[in-house]
> 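I have a structure here, written as structure tokens, and I will follow up with some questions on it.
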Amino acid sequence: MSFPLLTATAALPAIGAIATAAVPAARRTAAKWLALLVSIATLALAIVVLVRFEPDGARYQLTESHAWIADFGVRYELGVDGIGVALLALTALLIPFIILAGWHDADPLETGSRRWRPTQGFFALILAVEAMVIISFEATDVFLFYIFFEAMLIPMYFLIGGFGDRAHAGSDEKAAAQRSYAAVKFLLYNLVGGLIMLAAVIGLYVVAGNFSLQEIAEARANGSLDMATNTERWLFLGFFFAFAVKAPLWPLHTWLPNAMGEATAPVAVLITAVVDKVGTFAMLRFCLQLFPEASKWATPAIMVLAVISIIYGALLAVGQRDIKRLVAYASISHFGFIIMGIFAMTSQGQSGATLYMVNHGISTAALMLVAGFLISRRGSRLIADYGGVQKVAPVLAGTFLIGGLATLSLPGLAPFVSEFLVLVGTFARYPVIGIIATFGIVLAALYTLVLYQRTMTGPVKPEVSAMPDLRARELLVVAPLVVLLIFLGVYPKPVTDIVNPAVKSTMSDVHKKDPKPEVEAVK
């Protein structure tokens with residue numbers, strides 16, 4: 001039997017989470033280093049998965065399959081395609097930076113009503129989320145996927161509600177109430193989506209007789225499993241609703257600004273750059289593959305919701321006074337682009353959407369983590385409390401600018417390529433939607449440049465006059481992300497080579513081909 005590489009990649013952070021939580025309370029620093037080393041070892045395993053994956057090979061590779069709950073047709077089945085392996089690598093890459101950035105976020109408090117923060121628990125919960133997200137990208141059994149799709153909500157709930165941002169105006173009681181509200185709202189929204197999906201999962205089993213993604217998709221393709229039209233549509237809606245909450249798609253998005261605003265900056269990155277990607281990934285893996293006809297039936301409505309998310313999120317970002325909530329609304333706009341690319345049903349759109357998931361994860365991590373370093377220095381999330389930072393902390397301001405420019409998809413930085421592909425793919429089939437979506441780019445330039453102008457330029461405010469620049473640990477977090485943004489902006493081929501064959505297979509699942517240009521090329 002070959003080494004279970006995919007199981008090991010998910011099991012290592014799970015075991016690390018248990019070990020970190022078990023570190024004695026007095027040895028907080030040891031717990032931090034243990035969590036960091038486990039995350040680096042997980043990244044090494046993810047790199048092995050990436051190296052062993054053959055883009056032109058079988059659709060699902062490094063597969064594992066074992067009997068689990070045989071009476072109900074549930075199996076422990078894992079496998080990765082090009083889309084899954086790219087997002088697995090993204091997750092493993094970001095977690096060490098998240099841990100480093102949050103190095104002091106769970107340290108004991110010297111003042112206030114909460115004098116102790118369980119440091120070991122904070123880092124153990126991050127590793128637990130990593131393990132659950134990784135196995136979600138690997139699972140090819142629908143029931144197995146569902147279990148971890150839901151289970152990751154629990155550690156995220158405690159990370160949001162138990163380890164909130166310290167940059168609060170007002171009393172500890174008020175801050176705790178705000179964190180509690182954000183955590184409960186996050187949990188309830190996602191639990192409702194998950195319960196609806198559970199009904200759809202049960203319905204799928206009743207229709208198909210098993211939970212194997214590959215077996216069901218193969219049966220759909222060869223005609224041996226013929227779902228009634230209404231049945232397929234209801235099952236699709238049950239799956240899509242849960243994924244749209246997680247993504248998040250308008251109007252199911254309202255939990256995200258609260259969660260990101262109240263969480264620490266590293267946890268905010270964990271939410272939007274890692275956990276939320278499970279929703280958009282699942283749209284590609286499960287919605288399109290299991291319910292191809294229903295996906296095409298729902299496409300016009302989803303495209304409208306996606307373009308509303310793009311414009312709505314960008315407009316609300318323009319009007320924000322809170323730095324972290326601005327990034328949250330910008331992410332809602334970006335997820336609109338991703339979902340629009342998925343359901344454009346073109347190879348350019350779906351390749352761009354997958355690349356956008358990777359690039360958005362890197363760019364949002366860079367911007368939000370630098371914003372977190374800024375907020376921790378000043379003790380405020382309000383944009384109005386800053387000014388002239390570039391004169392006293394030029395490196396911090398410079399990295400903040402690069403993260404912001406990546407957010408607005410500046411040519412030469414990674415998100416530009418993915419956004420361009422999404423728009424090209426959308427224009428090819430839905431030109432009106434594509435034209436409206438381009439206004440999101442204009443609004444992104446507005447909210448990003450206004451944010452930079454108001455915080456980094458102008459006269460130096462007295463409260464920031466003594467602000468220190470980025471320290472060595474913080475530079476170690478930000479510098480690699482900036483390098484990746486530039487590298488993938490200039491040379492995205494390593495990622496597109498991995499995801500394009502998987503996109504081709506997805507296009508085949510829904511029986512779609514790229515539309516031919518209406519005007520013939522000039523000879």
Side-chain angles (χ1 to χ4, degrees), residues 90-91 93-105 126 129 156 159-160 163-167 182 186 248 253 255-277 313-314 316-317 320-335 356-378 380-383 386 389 393 395-409 413-415 444 447-448 451-452 455-456 470 473-482 484-485:
L90 171 70
T91 301
L93 172 71
L94 291 180
I95 296 300
F97 297 125
I98 289 171
I99 290 173
L100 270 176
W103 200 251
H104 298 298
D105 285 356
I126 292 175
V129 172
M156 286 306 309
L159 283 170
I160 297 167
F163 299 92
D165 191 355
R166 299 182 185 183
F186 161 82
H253 67 283
W255 62 268
L256 182 65
N258 295 102
M260 288 185 66
E262 298 306 319
T264 64
V267 172
V269 172
L270 189 65
I271 295 169
T272 190
V274 177
V275 172
D276 287 354
K277 297 299 187 301
L316 265 66
Q320 289 303 307
R321 297 180 297 173
D322 183 311
I323 296 173
K324 292 169 71 177
R325 289 178 70 90
L326 185 153
V327 178
Y329 280 109
S331 290
I332 292 169
S333 182
H334 296 149
F335 275 105
Y356 212 139
M357 291 186 225
V358 175
N359 292 338
H360 173 263
I362 299 170
S363 63
T364 298
L367 180 61
M368 179 59 86
L369 293 179
V370 176
F373 298 148
L374 178 70
I375 291 167
S376 67
R377 285 159 164 74
R378 173 68 178 83
S380 173
R381 304 187 327 225
L382 299 179
I383 297 172
Y386 296 87
V389 173
V395 177
L396 188 155
T399 52
F400 189 81
L401 178 61
I402 293 173
L405 292 176
T407 298
L408 64 84
S409 299
L413 296 176
Y447 63 68
T448 300
L451 171 64
Y452 183 82
T455 56
M456 301 295 164
L470 292 183
R473 172 180 59 84
E474 296 164 337
L475 280 172
L476 188 60
V477 171
V478 177
L481 298 175
V482 170
L484 276 173
L485 287 174

> Tell me every residue that passes side chain to side chain contact (heavy atoms under 4.5 Å, CB included) with Ile383, counting only those two or more places apart in sequence or in another chain.
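Result, side chain to side chain contact (heavy atoms under 4.5 Å, CB included) vs Ile383: Ile323, Leu326, Leu451, Arg454, Thr455.
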> Considering only heavy atoms from C-beta outward, does the side chain of Tyr386 approach that of Leu374 to under 4.5 Å?
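Tyr386 vs Leu374: side chains touch.
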> Would you find a donor on one side and an acceptor on the other, under 3.5 Å apart, between the side chain of Arg381 and the backbone of Gly261?
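Yes, Arg381 side chain to Gly261 backbone: donor-acceptor pair under 3.5 Å.
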> Between His360 and Thr272, is any pair of side-chain heavy atoms under 4.5 Å apart?
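Contact flag for His360/Thr272 side chains = yes.
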> Excluding sequence neighbours, so at least two apart, what forms side chain to side chain donor-acceptor pair (under 3.5 Å) with Asp276?
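Asp276 satisfies side chain to side chain donor-acceptor pair (under 3.5 Å) with no other residue.
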> What residues, two or more places apart in sequence or in another chain, satisfy side chain to side chain contact (heavy atoms under 4.5 Å, CB included) together with Ser333?
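With neighbours one apart ignored, the set is Ile310, Ala314, Phe337.
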> List for me each residue that meets side chain to side chain contact (heavy atoms under 4.5 Å, CB included) alongside Leu100, sequence neighbours excluded, and say none if there are none.
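Only Leu36, Trp103, Arg473, Leu476, Val477 meet the side chain to side chain contact (heavy atoms under 4.5 Å, CB included) criterion with Leu100.
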> Name all residues meeting the side chain to side chain donor-acceptor pair (under 3.5 Å) criterion together with Tyr447; count only those two or more places apart in sequence or in a different chain, and write none if there are none.
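Here no residue qualifies.
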> Backbone N or O of Leu396 within a donor-acceptor pair of the Thr399 side chain at under 3.5 Å?
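Yes, because the side chain of Thr399 sits within donor-acceptor range (under 3.5 Å) of the backbone of Leu396.
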> Looking at every non-hydrogen atom in both residues, tell me the closest pair between Ala265 and Gly372 and how far apart they are.
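Heavy-atom minimum between the residues: CB-CA, 3.5 Å.
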> Quick check: closest heavy atoms across Ser331 and Leu256, and the distance to 0.1 Å?
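In terms of heavy atoms, the two residues are closest at CB-CD2, 4.5 Å.
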> Under the side chain to side chain contact (heavy atoms under 4.5 Å, CB included) rule, collect the residues that match up with Leu405, sequence neighbours excluded.
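Checked Leu405 against side chain to side chain contact (heavy atoms under 4.5 Å, CB included); matches are Leu401, Leu408, Leu410, Leu413, Leu449.
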> Return the set of residues passing side chain to side chain donor-acceptor pair (under 3.5 Å) with Thr91 (not counting sequence neighbours), or none when no residue passes.
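For Thr91 there are no side chain to side chain donor-acceptor pair (under 3.5 Å) partners, ignoring immediate neighbours.
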> Considering all heavy atoms of both residues, which atom of Gly361 and which atom of Leu94 are nearest to each other, and what is their separation?
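Closest pair (atom of Gly361, atom of Leu94, distance): O-CD1, 3.9 Å.
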> For Gln320, give me all partners under side chain to side chain donor-acceptor pair (under 3.5 Å), at least two apart in sequence or on another chain.
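None.
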> If we only count heavy atoms from C-beta on, is the Ile332 to Pro257 side-chain gap below 4.5 Å?
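The answer is yes, as the side chains (C-beta and beyond) meet within the 4.5 Å cut-off.
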> List in chain and number order the residues that pass salt bridge (charged side-chain N to carboxylate O under 4.0 Å, His left out) with Arg325, two or more places apart in sequence or in another chain; answer none if no residue qualifies.
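With sequence neighbours excluded, Arg325 shows a salt bridge (charged side-chain N to carboxylate O under 4.0 Å, His left out) to no residue whatsoever.
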> Which label fits Tyr452 and Phe400: parallel for a plane angle under 30°, tilted from 30 to 60°, or perpendicular past 60°?
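Correct class here is parallel.
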> Can you give me the closest heavy-atom contact between Ala366 and Leu485, atom names plus distance?
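Ala366 and Leu485 have their closest heavy atoms at CB-CD1, 4.1 Å.
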